[in-house]
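Shown next, in structure tokens, is the structure this report addresses.
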Amino acid sequence: MPLAPPRLILALAISLLGPMSLALPCSAAEEPPAKAGSLVIVGGGGMPDDVRDRFVELAGGKDARIVVIPTASEAADDENERESYLKPWRKYQPQSIDYLHTRSREKADDPAFVAPIEKATAVWFGGGDQSKITAAYRDTAVHRALRALLARGGVIGGTSAGAAIMSDVMIEGGNPRAEVGSGLGFTKNIVVDQHFLARSRINRLLGVVAERPGLVGIGIDEATAFVITGDRWSVLGKSFVLAIAPSESGPPRFESFRPGDAGRLPERGMPVVERRRRGEDD
């Protein structure tokens with residue numbers, strides 16, 4: 001079934017939702033986001049080859065040293081499932097591929113446990129429950145090693161729950177009203193939502209940004225990736241990414257991006273488009 005044109009999606013959203021009011025701002029972040037590395041943020045629902053290819057390319061191709069963290073999933077506790085998380089990456093023949101998982105914050109502070117991340121060029125977070133990731137790793141040695149990975153030019157990617165953890169403000173669940181917690185904070189000027197159009201999450205993302213002036217909502221649909229490298233962004237995959245920001249008067253501002261679009265991500269405000277893929281509805 002063909003996707004509706006992005007202009008139609010935006011027109012329907014605005015007509016249904018009307019103007020949004022602003023509420024109190026969120027507290028200031030403690031640390032600035034890392035700038036040197038890349039984030040590959042996938043909206044869940046399957047991963048197209050071009051998204052996986054881009055992640056490995058950013059990780060160094062054949063020289064990539066990849067760590068897979070499946071902690072969001074209940075199945076990660078089953079050792080028999082380990083290979084299922086590693087197999088999609090083996091076809092790229094990276095220099096190394098490691099599996100990292102624990103529910104113990106004490107273990108997440110163990111230097112021996114953290115060592116694979118310190119040697120890695122890339123880390124991948126799988127889907128499931130994003131709160132399981134933050135419960136195990138936020139403010140531990142694993143978290144610090146992930147920040148260091150970005151600072152030295154590495155890449156962190158994730159799908160579904162692995163996408164939600166990317167922002168400092170993290171949507172934990174709930175729809176149409178979001179339950180909000182703290183993510184891993186690899187980017188602080190945006191808040192990420194996933195399965196966005198497939199699960200009708202426009203209302204909940206609007207609510208989150210309306211209560212936090214200065215944040216931009218990035219809603220990523222299934223089989224689609226929003227890739228950030230430094231202050232540059234691009235879209236890969238099969239569907240759309242929607243950026244949302246509230247307005248002090250009138251309806252919120254929407255901007256839609258499709259695969260092939262790219263531009264600049266300022267420290268505050270909406271993503272700036274510098275390249276558009278032309279399509280039938282232009």
Per the ring pair (Phe, Tyr, Trp, His ring centres under 6.0 Å) rule, what does the pair list look like for residues 105-128, sequence neighbours excluded?
F55-W124, W89-W124

Between R201 and Q194, is any side-chain donor less than 3.5 angstrom from a side-chain acceptor?
yes

Listed by chain and number, what are the side-chain contact (heavy atoms from CB on, under 4.5 Å) partners of R54, not counting sequence neighbours?
E57, L58, L236

Quick check for you: to the nearest 0.5 Å, what is the distance between D129 atom CG and T134 atom OG1?
8.0 Å

Determine whether V40 and V155 make a side-chain contact, defined as any pair of heavy atoms from C-beta on separated by less than 4.5 Å.
yes

Side chains of V216 and P271: does their closest heavy-atom pair fall under 4.5 Å?
yes

Please give me the minimum heavy-atom distance between V56 and A64, naming the atom from each residue.
O-CB, 4.5 Å

Pairs touching residues 106-125 that satisfy salt bridge (Lys or Arg N to Asp or Glu O under 4.0 Å), sequence neighbours left out:
D109-R144

Looking at every heavy atom in both I117 and R152, which two are closest together, and how far apart are they?
O-NH2, 2.8 Å

Yes or no on side-chain contact (heavy atoms from CB on, under 4.5 Å) for I165 and Q130, after CA distance, side-chain angles and deciding distance?
CA-CA 6 Å; I165 63 165; Q130 49 266 43; 3.9 Å; yes

Student check: side-chain heavy atoms of F196 and T224 closer than 4.5 Å
no

With the side chain counted from C-beta on, respond yes when S247 and R253 share a heavy-atom pair under 4.5 Å apart, and no when they do not.
no

Who passes side-chain hydrogen bond (donor to acceptor under 3.5 Å, both in side chains) against R177, sequence neighbours left out?
E211

Locate the shortest heavy-atom distance separating L100 from P116; write the atom from each residue and the value.
CD1-CG, 4.3 Å

Check: L39 and L150 side chains under 4.5 Å, non-hydrogen atoms
yes

Are R212 and V191 packed together at the side-chain level, in the sense that at least one heavy-atom pair is separated by less than 4.5 angstrom?
no

Among all residues two or more places apart in sequence or in another chain, which pass the salt bridge (charged side-chain N to carboxylate O under 4.0 Å, His left out) test with R105?
none

So, does R275 use its side chain to make a donor-acceptor pair with the main chain of G260 at under 3.5 Å?
yes

Which atom pairs, one a donor and one an acceptor, fall under 3.5 Å between side chains of residues 67-75 and the rest of the protein, sequence neighbours left out?
| residue | atom | partner | partner atom | Å |
| --- | --- | --- | --- | --- |
| T71 | OG1 | H101 | ND1 | 3.0 |
| T71 | OG1 | Y137 | OH | 2.7 |
| S73 | OG | A75 | N | 3.1 |
| S73 | OG | Y85 | OH | 3.2 |
| E74 | OE2 | K132 | NZ | 2.9 |

Who pairs with K62 by side-chain hydrogen bond (donor to acceptor under 3.5 Å, both in side chains), at least two apart in sequence or on another chain?
Q93

For R264, all residues meeting side-chain contact (heavy atoms from CB on, under 4.5 Å), sequence neighbours excluded:
D231, R232, P266, V272, E274

Rounding to 0.5 Å, atoms CG (L215) and CZ (R268) come to a distance of 8.5 Å

Treat each ILVMFWY residue as a node, draw an edge where side-chain heavy atoms are under 4.5 Å apart, and state whether I156 and L86 are in one component.
no

Nearest heavy-atom pair of S167 and V192: which atoms, and what distance?
OG-N, 3.3 Å

Measure from the side-chain N and O atoms of R138 to the backbone N and O of G183, and report whether any donor-acceptor pair falls under 3.5 Å.
yes

A178: partners by side-chain contact (heavy atoms from CB on, under 4.5 Å), with sequence neighbours left out:
I171, V180, R204, V208

Taking side-chain contact (heavy atoms from CB on, under 4.5 Å) as the definition, give me every residue that meets it alongside N80, ordered by chain and number, with sequence neighbours left out.
D78

Under the ring pair (Phe, Tyr, Trp, His ring centres under 6.0 Å) definition, can you give me all pairs with a residue in residues 201-232, not counting sequence neighbours?
F226-W233

Minimum-distance pair of heavy atoms, taken over all atoms of A59 and T121
O-OG1, 2.7 Å

Where P259 and G237 come nearest, the two heavy atoms and their spacing
CG-O, 3.2 Å

Those residues at least two apart in sequence (or on a different chain) that pass side-chain hydrogen bond (donor to acceptor under 3.5 Å, both in side chains) with S160 are H195

Can any side-chain N or O of D221 pair as donor or acceptor with the backbone N or O of L197 at less than 3.5 Å?
yes

Determine, step by step, whether R199 and E222 satisfy the side-chain contact (heavy atoms from CB on, under 4.5 Å) criterion, reporting the C-alpha distance in whole Å, the side-chain angles of both residues, the deciding distance to 0.1 Å, and the verdict.
CA-CA 9 Å; R199 299 187 185 177; E222 294 182 348; 4.0 Å; yes

Rounded at 0.5 Å granularity, tell me how far CD1 in I228 sits from CG in L265.
5.5 Å

